[in-house]
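The block underneath contains the structure these notes are about, expressed in structure tokens.
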Number of protein chains: 2
Amino acid sequence: MRTDERITRAMGELLRRQGYAATGINALARAAEAPTGSLYHHFRGGKREIAAVALRQTGAVHIQLLPLLLDPYEDLAEGIEAAFAQAGDDMRGTGWPNMCPVGSVTAEIADVEPELREVSAEVMRDWIDKGTAYFTARGLTPPAAAEFTHAVLAALEGAFVMARGLRTEAPFHAAGRTLAAHVRTLAREEGAGVREEDAAVRAEGAVAGS
Amino acid sequence: MRTDERITRAMGELLRRQGYAATGINALARAAEAPTGSLYHHFRGGKREIAAVALRQTGAVHIQLLPLLLDPYEDLAEGIEAAFAQAGDDMRGTGWPNMCPVGSVTAEIADVEPELREVSAEVMRDWIDKGTAYFTARGLTPPAAAEFTHAVLAALEGAFVMARGLRTEAPFHAAGRTLAAHVRTLAREEGAGVREEDAAVRAEGAVAGS
DNA sequence: GTCTATAAAGGGATAGAC
DNA sequence: GTCTATCCCTTTATAGAC
């Protein structure tokens, strides 16, 4: 693996476990098996620039899970519930780390590191765009899809935090079931967010290509 | 105000803006207008103990908002939607700080500070107990109330994070509307979480006393 | 490009005068 | 109980040999 890849990957891993402030350049160099000077050779912006790249990387990786997890389910509500359940299982199985550092790092640095906050905002806007496109392709009207995407992302980030503290999957199950119920409501109420003609149409690859 | 109160309050404020690792003892002493030695006189456990007390304090304060915000609404779904909307307005009005440090600090230190993680877990369990009691008093069956409480807390914590990054109230509105829709679903489906006999009964002071 | 050594600053914590 | 001075360690970042 290239040196700069090792560095940004190690940063991503440390960010999700310790956050930004607690992750020192020396610890990062050790984790990436690269000397201190090498970090500044590849990233002249130092710690902040490395964190920015790591956030963009992990953000892009994690949004890909959306179609991967939901495509197999013909019933969107069922898929949502299953996806949240699996996220909870994954956390328990890996010892309750955070699954994606974007949320926790954003909470930590939003008021103190304006450049990194803007990076987080870009990543989140990308999530929202891709999510809205996906749920629109799954039959929701664009406004309903946008709102649902916001709700899914908020519930997911919050479930990470709650589960990380409580060490229970309960937040994931509760969030998944609530969101699934909402999707079923949308499907039942005509004109309340579902386009009749393609409500049952699968959205194979709707987001994968973007 | 007593010195130890000034210290824990200042810690709470710094925690929600910068997180745990970035909050230094010296900065804390400055913010609390107390000399360094005074901190260790009142809290022999140092930074960690001060943070623990601050987390418990802010956690206890914030759960009191639940009945305060929801009691005025006879329709629970309407109340949920309004409460989330107000949380979003508050964040915008105050410049997008975190409203409660428990979530963000938990995300930051869960893997690194076991004692503080346990404190966060205690605070969160207290939230869940009080929330379950409240929503039960508002007409949900105990299991539905527990699940709904988990979903509300996860959505709230996640909305904080998303709004902090995006600087938009959209996550609050989306989360509030989704949860409100779910409550309405529960109210419509007989036996699906609402006890018929007291579904409309107000829960004045159900949590206030505990 | 890789790596070492070090500078300059700040961290948490403590001892002890007052 | 209040406050100061200081210890020791780690931090980010750089300079310069290889």
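A note on names: the letters A, B, ... follow the listed sequences, proteins ahead of strands, and every chain is numbered from 1.
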Item to check | Nearest non-hydrogen partners of B:M99 and B:D90, listed with the distance | outcome: CE-CB, 3.9 Å
Checklist entry - Of all residues at least two apart in sequence or in a different chain, which pass the ring-ring contact (aromatic ring centres under 6.0 Å, His included) check with A:F172? => result A:F160
Next on the checklist: Going by side chain to side chain donor-acceptor pair (under 3.5 Å), name the residues that satisfy it together with A:R6, two or more places apart in sequence or in a different chain.
Outcome noted: none
Next on the checklist: Filter on ring pair (Phe, Tyr, Trp, His ring centres under 6.0 Å), then keep only pairs touching residues 42-64 of chain B, sequence neighbours left out; what's left?
Outcome noted: none
Item to check | Smallest separation among heavy atoms of B:P101 and B:L15, with atom names | outcome: CB-CB, 3.9 Å
Item to check | Spacing of A:I50 atom CD1 relative to D:dT12 atom P, expressed in whole Å | outcome: 10 Å
Checklist outcome for this item: Residues passing the salt bridge (Lys or Arg N to Asp or Glu O under 4.0 Å) test with B:R44, sequence neighbours excluded, are none
Checklist entry - Is the number of heavy atoms from other residues, nucleotides or ligands within 6.0 Å of CD (B:E5) greater than 12? => result yes
Checklist entry - Can you give one letter per nucleotide of nucleotides 3-18 of chain C, going 5' to 3': B for a protein heavy atom under 4.0 Å from the base, S for sugar-phosphate only, - for none? => result BB------SSBB----
Item to check | Sub-4.0 Å heavy-atom contacts from residues 8-16 of chain A onto DNA chain C, ordered by number | outcome: none
Next on the checklist: Counting only heavy atoms not in A:R167 (residues, nucleotides, ligands), do more than 12 fall under 6.0 Å from its CZ?
Outcome noted: yes
